[in-house]
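Atoms within a ligand are numbered from 1 in the order they appear, just like the ligands themselves. Side chains included, hydrogens not; waters and symmetry mates left out as well; all remaining heavy atoms used.
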Amino acid sequence: MSSTVELTYQDVAEHNTKKDIYVVIHDKIYDCTQFVDEHPGGEEVLLDCAGQDATEAFEDVGHSDEARETLDKIQVGVLKRQPGDPAPKAAPPTSSGANSGSSDSTGVGIGVYFIILIGGALGYLGFQYMAKQQQAQQAGAA
Ligand code: HEM
């Protein structure tokens, strides 16, 4: 069912409670109210995106064709984009572990660099220490 009802982002934003959830995915508007309790990914993630653009969140999970078919059934309209509308919201971290690790935030990236840097520095100091020990041993043997 494809609908031509046009709603603005402001209209969608009003549907942001568990009893009344709209989300935007690829500029189409979906009414998830009936579906929220059945969502295999849990209601929490849908509530996080309620009244917002969930395109990125939806795609990040890598939903199946079956999930996309469900979308067709619950579409209520299309988004009339206006300048200044917020960008799609990224997927919130999920405890289910679905797709975990593939969408690291920059914070995690910097953390990893930091650990590598510390590791390198410790390795270098260790190497220097060993070299000094060896020198001392050789000097003692001579
Ligand atoms: C209204 C749109 C949505 C529909 C119709 C939908 C449908 C589904 C379906 C059918 C599944 C089962 C696996 C599959 O077939 O891919 C699923 C899983 C999942 N969904 Fe959605 N979903 C929607 C939106 C979202 C959003 C916005 C998120 C936000 C992150 C999300 C997160 C998840 C997660 C994390 C799983 C995996 C659950 C697991 O395997 O433990 N979904 N969804």
Answer yes or no: does an N/O atom from Ser64 fall short of 3.5 Å to an N/O atom of ligand 1?
yes
Tell me the nearest of Leu71, Val45, Leu46, Val23 to atom 24 (C) of ligand 1, using heavy-atom distances.
Leu46
Which of the numbered atoms in ligand 1 are below 4.0 angstrom from a heavy atom of Phe35?
3 (C), 4 (C), 5 (C), 6 (C), 7 (C)
For Glu66 and Lys73, run salt bridge (charged side-chain N to carboxylate O under 4.0 Å, His left out): C-alpha distance rounded to whole Å, both residues' side-chain angles, the deciding distance at 0.1 Å, then the answer.
CA-CA 11 Å; Glu66 192 195 323; Lys73 289 181 205 149; over 6 Å; no
Near Ala57 (heavy-atom distance under 4.0 Å), the atoms of ligand 1 are 29 (C), 30 (C)
At under 4.0 Å between heavy atoms, which part of Cys32 makes contact with ligand 1: side chain, backbone, both or neither?
side chain
Mind checking whether Glu66 has a heavy atom under 4.0 Å from ligand 1?
no
Part of Asp48 with heavy atoms under 4.0 Å of ligand 1, whether side chain, backbone, both or neither
neither
For atom 21 (Fe) of ligand 1, find the closest N/O/S atom on His39 and give its atom name.
NE2
Just by distance, do the side chain of Gln52 and the backbone of Ala54 share a donor-acceptor pair under 3.5 Å?
no
Tyr9 side chain vs Asp53 backbone, donor-acceptor pair below 3.5 Å
yes
Between the side chain of Asp60 and the main-chain N/O of Ala57, is any donor-acceptor distance below 3.5 Å?
no
I want to check something: taking the side chain as every heavy atom from C-beta on, are Val5 and Val76 in contact at a cut-off of under 4.5 Å?
no
Listed by chain and number, what are the salt bridge (charged side-chain N to carboxylate O under 4.0 Å, His left out) partners of Asp37, not counting sequence neighbours?
Lys18
Positive for side chain to side chain contact (heavy atoms under 4.5 Å, CB included) with His15, one of Asp20, Ile29, Thr33, Leu7
Asp20
Please confirm whether Tyr30 approaches ligand 1 to less than 4.0 Å, judged on its heavy atoms.
no
